[in-house]
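Take a look at the structure below.
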Protein chains: 2
Amino acid sequence: MEDGKLTVRAVERALDIMLCFTGASELTLTEIASRAQLHKSTVHRLLASLEGKGFIMRDGSTDKYRLGYRLWELSANLSKEGDPGIILLPEMERLRDQLGETISLYVQDGLVRVRVQAVQSNHAIRRVAPVGARMPLYVGASSKVLVAFAEPALQEQLLASADWPTGLDQTAFLQQLSDTRRAGFATSVEEREPGAAAVSAPVLDRGGRLVAALAVSGPANRLTLELMQEQAPLIVEAARRMGTMLR
Amino acid sequence: MEDGKLTVRAVERALDIMLCFTGASELTLTEIASRAQLHKSTVHRLLASLEGKGFIMRDGSTDKYRLGYRLWELSANLSKEGDPGIILLPEMERLRDQLGETISLYVQDGLVRVRVQAVQSNHAIRRVAPVGARMPLYVGASSKVLVAFAEPALQEQLLASADWPTGLDQTAFLQQLSDTRRAGFATSVEEREPGAAAVSAPVLDRGGRLVAALAVSGPANRLTLELMQEQAPLIVEAARRMGTMLR
DNA sequence: AACTGTGTTTCATATAGTGAAACTTTTTTT
DNA sequence: AAAAAAAGTTTCACTATATGAAACACAGTT
């Protein structure tokens, strides 16, 4: 073909089908066909293969397709001691106790970020509600970290996206990315949410690949820019330590 | 071919390659080829496809292949609020507080089970070490649950396995599976570990599919058979509630 | 330098995946 | 209830496409 890659089309299509489920919990065959730009019968065959190995399953009542638990089983292989979301929790709790603010962990997914783990500043009860929340990659400290340390292709994709907010300056954004790479962390004050501020540092695996962004967030009147600059080394260090826990 | 399934061979092979990583964190191309019974060049092409989509990555220093973080991202789609290992934690903590014993969550993976989450009876510090531990599917309360409620194919595979322990009666094992299905839970006393006992109940998703086994374990002198029978309904109910939290 | 072990690329071959269309089942509309 | 529309599934001829042998590169050993 035209691209120089030595690759298997059927496999890429099957993986694309799984990627269709980012943001959508269940899809019908025709929805998948339309999203992945494939013919119904092709999708049907690929789904049968995915389902047979447990990567896709069907909802008993709605008969729609959804991701299978095999993915969870395999993701337990990503860190030394099992599920990364679990293994990174103690370090996040330690940081929360140290700084007294809410700690979040984000991963990039397409052109959004997903909060995969969080511990609240409130010491009493763990608020699990916001885990799973999806936010744009355009604004916020963690977005800057996730884009700045990602592969360059993501930046281009993001800037070229049709969803880029009108009135958001791309040159300034690029400058912020460059600042983030140099400093090793990013801050944001009332970018995504009025009255909120955050500091964020990258969690890199042993190969130096970006895995997630660790963020400390709180009310802007408490988390001043000065305080965040001061606390940044602690957050960078915690993120570094979390990286070493991954395989 | 001989089986009636309409499926795509290349895709099944690619998925098999990912499944090679259960128990092994990193593998070389030739190791994968040998495990999956495929030719080097086939594996190479399939790996290139998997790597391109982030399902496989290469370790920077050793150059070996390992699973990619895309799997973790996708597994966040499996429960309503993100990573299942995280979302199920509060319910496990509640049960621990109620019964005062260690609570574990196991998923089946090939012919072993993996502890994907645990909360210790010790209230002070969460002991994260045993998460990720792998145990045989032949013995223990959770093994019985995982096999009893799995698809019948697993039972056959397990009984036919070359690793079946000599001196372990298959008829008795099948009887225990049948008892487990009828009762809705399983117990074990000093089966896997001397001096230890456990009760286990299945976590089923809304479609009734087995996802995991929830287990309460402790010293056999405290967890008598009578006490476990008495506590079983609580564990069954907690496992049921956990199932409803999954998508 | 010869050697075993990796990972990678090339290339002829026919297998194996493809998509149009036919067919069945389910859901919606009349 | 009947008709129509949509979703899911299977069949099948075709050739595009994945395959594996072999050859190539590129380490690390001896």
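Chain letters run A, B, ... following the sequence lines, proteins first, then strands; residues in each count from 1. Keep in mind the model is a prediction, meaning the values are calculated, not measured. Just so it is clear, the values below take in all heavy atoms, side chains as well, and ignore hydrogens, waters and symmetry mates.
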Can any side-chain N or O of A:Glu31 pair as donor or acceptor with the backbone N or O of A:Thr28 at less than 3.5 Å?
yes
Whole-Å gap separating C1' (D:dT19) and CZ (B:Arg9):
7 Å
Using whole Å, report how far CD of B:Glu31 lies from C1' of C:dG5.
12 Å
Under-4.0 Å salt bridge between A:Arg94 and A:Glu91
yes
Nucleotide D:dG8, atom P - distance to OH of A:Tyr65 in whole Å:
7 Å
Nearest whole Å is fine: how far is D:dC24 P from B:Leu29 CG?
20 Å
Of the candidates D:dG20, C:dT8, C:dT6, the side chain of B:Thr30 sits closest to C:dT6
Residue closer to the 5' end of DNA chain D, A:Leu27 versus A:Val8 (nearest nucleotide)
A:Leu27
Residues in contact with DNA chain C, drawn from residues 39-46 of chain B - heavy-atom cutoff 4.0 Å:
B:Lys40, B:Ser41, B:His44
Looking only at atom C1', what distance separates C:dT18 and C:dA14, rounded to whole Å?
16 Å
Report yes or no: does B:Arg13 contribute a side-chain atom to a donor-acceptor pair with the main-chain N or O of B:Ala36 at less than 3.5 Å?
no
Write down the distance between CD1 (B:Ile17) and P (C:dG7), rounded to a whole number of angstrom.
12 Å
What donor-acceptor contacts under 3.5 angstrom involve side-chain atoms of residues 137-153 of chain A, with partners at least two apart or in another chain?
residue	atom	partner	partner atom	Å
A:Tyr138	OH	A:Ser161	OG	3.4
A:Ser142	OG	A:Ser200	OG	3.1
A:Ser143	OG	A:Arg113	NE	2.7
A:Ser143	OG	A:Pro136	O	3.1
A:Ser143	OG	A:Val139	O	2.7
A:Lys144	NZ	A:Thr187	O	2.6
A:Lys144	NZ	A:Glu191	OE2	2.7

Measure the distance from CD on A:Glu12 to C1' on D:dA18 and round it to the nearest whole Å.
13 Å
Interatomic distance, A:Leu38 CG vs C:dA20 C1' [rounded to whole Å]:
15 Å
Any side-chain to backbone donor/acceptor pair from B:Arg66 onto B:Leu27? Under 3.5 Å, distance only.
no
Can you tell if the side chain of B:Val211 reaches within under 4.5 Å of the side chain of A:Trp72, non-hydrogen atoms only?
yes
